[in-house]
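Data first, discussion second: the structure below is written as structure tokens.
This one's a predicted model, so the numbers in the text were calculated from it and none came from an experiment. Letters A, B, ... mirror the listed sequences (proteins, then strands); counts begin at 1.
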Number of protein chains: 2
Amino acid sequence: MPQKISENIQDYLKRIYEFTLSGSRASTNQLAQALGISAASVTNMVQKLSKTDPPYVTYEKHQGVKLTPFGQQAALKIIRRHRLIEIYLVEKLGYTWDEVHAEAEVLEHAMSPLLEKRIDAALDHPKFDPHGDPIPDINLEIPEIEQTALSSLEIGNKGRVLRVPNEDPQVLRYLGKFGIRPGAHIKLISRTPYDQTMRIKITETGNEAVIGPSLGNKISIAKDS
Amino acid sequence: MPQKISENIQDYLKRIYEFTLSGSRASTNQLAQALGISAASVTNMVQKLSKTDPPYVTYEKHQGVKLTPFGQQAALKIIRRHRLIEIYLVEKLGYTWDEVHAEAEVLEHAMSPLLEKRIDAALDHPKFDPHGDPIPDINLEIPEIEQTALSSLEIGNKGRVLRVPNEDPQVLRYLGKFGIRPGAHIKLISRTPYDQTMRIKITETGNEAVIGPSLGNKISIAKDS
DNA sequence: ATCATAATTTAGGTAAGCCTAATTTTTATC
DNA sequence: GATAAAAATTAGGCTTACCTAAATTATGAT
Ligand SMILES: [Mn+2]
Ligand SMILES: [Mn+2]
Ligand SMILES: [Mn+2]
Ligand SMILES: [Mn+2]
């Protein structure tokens, strides 16, 4: 039943993958918002995806969806392409890290297996995209990496940035300005009591930056031991 | 009326452009065959394209279509992207010239203005694609180049290859085997009387190749004076 | 000029993906 | 446990871009 997988379906699967990484199910509304379409349309599509011959998702009414192993493979295939494109654009075509996500969102659907192979080879099999997200290897495997949220760092403690949120160009430009990027070493200076706003110091640049708690939750770090 | 131009429409316009280069109109059947769809579908689409606010084509029942200046600009935009992609893949990603057309046919629709600019710059504003077809410049202008069909060469005379047909990988591999590529110098050795099959010698490689008349008509050369 | 054939158009349908409005189910609060 | 709000689903439609079959128009050979 699922021969050629449409661009729309590819994006659905990718979103479902992201929302179910933590183990929970992806809700209809969550997907509708992320994809910029109505909840009714999502219900429709999700029902379809649960009825293909090997189904892409398991779906229970009002309970949200999860990817089947089959659906997960399909999702990882696109995620691999997306992240390869991002790092290629930065490394080979002079893109900044805030420009690549939107571009990859489109190109991922137009990438042939051959192009994927050539780009992967040209970059010598890169392991991470520009935002620190791991690139599934040719067998679609992703290494497990120990990581915690920046928000969970204690005052005075240090860490190394592993990944930053990758979708919002404004946020990326803000982070880039201070040198907050994968590999950067940071130290938590202070945290305000009520709204939990953090001041952090970036070792490499000497900068200090202010990070709110919601952004802090989306930045992953490795805590210095 | 014509805000976002669909991938399908882009391909229609490109085909119409090709078929009307000689000044004649593109026929319904011609387009149907080239696009791999039914004649009825083509009729439908060209009627639509002739009714947009600035129309893309002029259409008269049973008389075929031509591009309006507006439609021509739209076509050239995609042709530019197509050819830039082809040369980029060859120059930067190790593609052979028979692999790039199919790839470009898809990628051309996924290329942003920014990517177009970056690729153009990375190649230092290339003027020709791997098959010798001219790349419209940033203003969508194409230089006029004096060229004749290989078939029109006289026995014993010489010429320089300017462009070869670009769609059929088999043909390209055949030509490549003998070194028949843009820039190659050739000499017509003989032409059989009935079926007009030609034997040509390629200076650079010393090879001799047999070229039938229909292929010979699709290879453009500059005749040596 | 006639008439068969080829080319094109019209008519009527389908599938994918989206929409809004109405309805149903779940959930959270009193 | 009733009930209001939120979440999800169903129902009915729409657009794009295809299709086949039937009807029409153009063409070219007698
Ligand atoms: Mn991304
Ligand atoms: Mn996408
Ligand atoms: Mn081409
Ligand atoms: Mn195309």
note: B:Met45, atom CE; C:dT8, atom P; distance rounded to Å ~ 17 Å
Please give, in whole Å, the distance from C:dC19 C1' to A:Asn8 CG? 14 Å
Does a side-chain N or O from B:Tyr12 land closer than 4.0 Å to OP1 or OP2 of D:dT16, or not? no
B:Arg25 atom CZ is separated from D:dA26 atom P, nearest whole Å, by 14 Å
Could you check how far CD1 of A:Ile5 sits from P of C:dG17, rounded to whole Å? 10 Å
Measure from the ring center of A:His82 to the ring center of A:His101 and say whether it is less than 6.0 Å. yes
Under 4.0 Å between a side-chain N/O of B:Ser38 and OP1 or OP2 of D:dT20, yes or no? no
Just so I know, are the side chains of A:Met198 and A:Leu153 near enough to count as touching, which here means a heavy-atom distance under 4.5 Å? no
CD1 of A:Ile37 versus P of C:dT20: gap in Å, rounded? 11 Å
Qualifying residue, where the test is side-chain contact (heavy atoms from CB on, under 4.5 Å) with B:Pro130 and the options are B:Val164, B:Ile87, B:Asn166, B:Leu89: B:Ile87
Of all the nucleotides listed (D:dA17, D:dA8, D:dC19), which has the minimum atom distance to the side chain of A:Asn29? D:dA8
In whole angstroms, the gap separating P of D:dC18 from CD of B:Gln33 amounts to 16 Å
Kindly check if the number of other-residue, nucleotide or ligand heavy atoms within 6.0 Å of CD (B:Gln33) is above 12? no
Would you mind building the protein contact string for nucleotides 9-14 of chain C? One character per nucleotide, 5' to 3', B for base within reach (heavy atoms under 4.0 Å), S for sugar-phosphate only, - for untouched. BB----
Partner of B:Arg173 under side-chain hydrogen bond (donor to acceptor under 3.5 Å, both in side chains), picked from B:Asp98, B:Asp168, B:Thr96, is B:Asp98
Just to confirm, is there a sub-4.0 Å distance from OP1 or OP2 of C:dG17 to any side-chain nitrogen or oxygen of A:Lys48? yes
Determine, for B:Tyr95 and A:Arg118, whether the Lys NZ or Arg CZ falls below 6.0 Å from the six-membered ring centre while staying within 45 degrees of the axis. yes
Measure from NZ on B:Lys4 to C1' on D:dT15 and round the result to the nearest Å. 17 Å
Taking the side chain as every heavy atom from C-beta outward, state whether B:Val106 and B:Glu103 have any pair of such atoms under 4.5 Å apart. no
What is the separation between atom CG on A:Leu13 and atom P on C:dG17, rounded to the nearest whole Å? 11 Å
